[in-house]
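These notes are about the structure you will find just below.
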Amino acid sequence: MKIATWNVNSIKARLDNITDWLKSADPDIACLQEIKTVNDGFPYMEIEALGYNVAVHGQKSYNGVAILSKLPFDEVIKDLPGEDLLDDGADDQARYIEAVVSGARGPVRVASIYLPNGNPVGDAPDYSDKYQYKLRWMDRLRARAQSLLPYEEPLILAGDYNVIPYARDVHDPVGWQGDAAFRPETHAKFRALLNIGLTEAFEQMDGREHQYTFWDYQRGAWQNNQGIRIDHLLLSPQAADRITDFQIDKFVRDGTKPSDHVPVIGTFDL
DNA sequence: ATGGCGATCTGCGATCGA
């Protein structure tokens, strides 16, 4: 079972890139982030025509996440518990959607995650509202993951974490050290998430330096390979024990009108 | 030091991303 994550930076602007990639990569499940549309604006017809069921948690202009799956959804859950609930009970930022499908050996749980960027950071010790929101969101994600681990299911938390785990995951560690994606507080929250018992698929399967998943549109970042690795697959033990392959589809960044992120794919014996 | 690129909105430039 191929399970992918990709921050597409608008599903409407990227529809041709996405359908081309789905046809060639042929993932069973694709977690998308930054679809930048309300649910009604999602191109259901074009995606369903490729054989996918679609679960969408959209939002106007910003954010928005989705899960595409060739297997039918047994369950779909939107938003993390914790805060920012509106009157209708929904989060005011659409950044999390989780689904369960039935694999050959039983249930497989997958989440599509768009973790807040958090910049600008502001000044210590209070920091900006945006950075505090990021750190709180990481706490909420950890709490959700911790509540799921007792199910002992294959669990894949896939998404744009806006976290650069290590210095080897960024072209210019010194230049990025104050960034919300690379600060000590961010690293501490990311470690806390891993330390409940999750494995980062890249670290288990690859671990090389400079394997980036994002290159800025500006300053020739792609041409100069000035990237960062911020898109991750975090795995429960039951998923980590079943992963057989891991790849970053870097070639997608060379296409016409590309997203600034590229797809990350794990293959699982599930 | 410096947001230089790209998407969205109902705009006639602003805001946001990372």
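A quick note: this is a predicted structure, and the numbers were derived from the prediction, not measured. All chains are named by letter (A, B, ...) in the order of the sequence lines, taking the proteins before the strands, and each is independently numbered beginning at 1. Values below: every heavy atom of this structure, side chains too, minus hydrogens, waters and symmetry copies.
Note: CZ (A:Arg95) to C1' (B:dC16) measures 11 Å, nearest angstrom. In this structure, CG of A:Asp160 is placed 18 Å from P of B:dC16, rounded to the nearest angstrom. To the nearest angstrom, C1' of B:dG17 lies 14 Å from CG of A:Leu115. Counting to the nearest Å, the P atom of B:dC16 and the NZ atom of A:Lys134 are 17 Å from each other. For A:Asn117 and B:dT15, the CG to P distance is 17 Å, given to the nearest whole Å.
Nearest-nucleotide assignment on DNA chain B puts the 5′-proximal partner with A:Thr37, out of A:Thr37 and A:Lys130.
The side chain to side chain contact (heavy atoms under 4.5 Å, CB included) search around A:Arg168 returns A:Tyr166, A:Glu203, A:Glu209, not counting sequence neighbours.
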Only pairs under 3.5 Å count here: list side-chain donor-acceptor contacts from residues 188-196 of chain A, not counting sequence neighbours, and write none if there are none.
from     : atom 1 : to       : atom 2 : distance (Å)
A:Lys189 : NZ     : A:Asp139 : OD1    : 3.0
A:Lys189 : NZ     : A:Asp139 : OD2    : 3.2
A:Asn195 : ND2    : A:Arg191 : O      : 3.2

Below 3.5 Å between N/O atoms, which protein atoms pair up with nucleotides 4-8 of chain B? Just atom names and distances, please.
from  : atom 1 : to      : atom 2 : distance (Å)
B:dA7 : OP1    : A:Arg14 : NH1    : 3.4
B:dA7 : O3'    : A:Ser10 : OG     : 3.2
B:dT8 : OP1    : A:Ser10 : OG     : 2.4

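Not a single donor-acceptor pair under 3.5 Å links the side chain of A:Asp260 to the backbone N or O of A:Phe214.
When the P atom is used for both B:dT10 and B:dT15, the distance is 15 Å, rounded to whole Å. A gap of 15 Å separates the C1' atoms of B:dG4 and B:dG17, to the nearest Å. The P atoms of B:dC5 and B:dG11 are separated by 25 Å, rounded to the nearest whole Å.
The pair A:Glu46-A:Lys12 does not count as a salt bridge, with every side-chain nitrogen at least 4.0 angstrom from each carboxylate oxygen. A salt bridge links A:Asp269 and A:Arg105; the closest N-O separation between the charged side-chain nitrogens and carboxylate oxygens is under 4.0 Å.
Nucleic acid contact class of A:Tyr114 (heavy atoms, under 4.0 Å, all strands): sugar-phosphate only.
In the hydrophobic clustering of ILVMFWY residues, with side-chain heavy atoms under 4.5 Å counting as a link, A:Ile156 and A:Ile113 come out apart.
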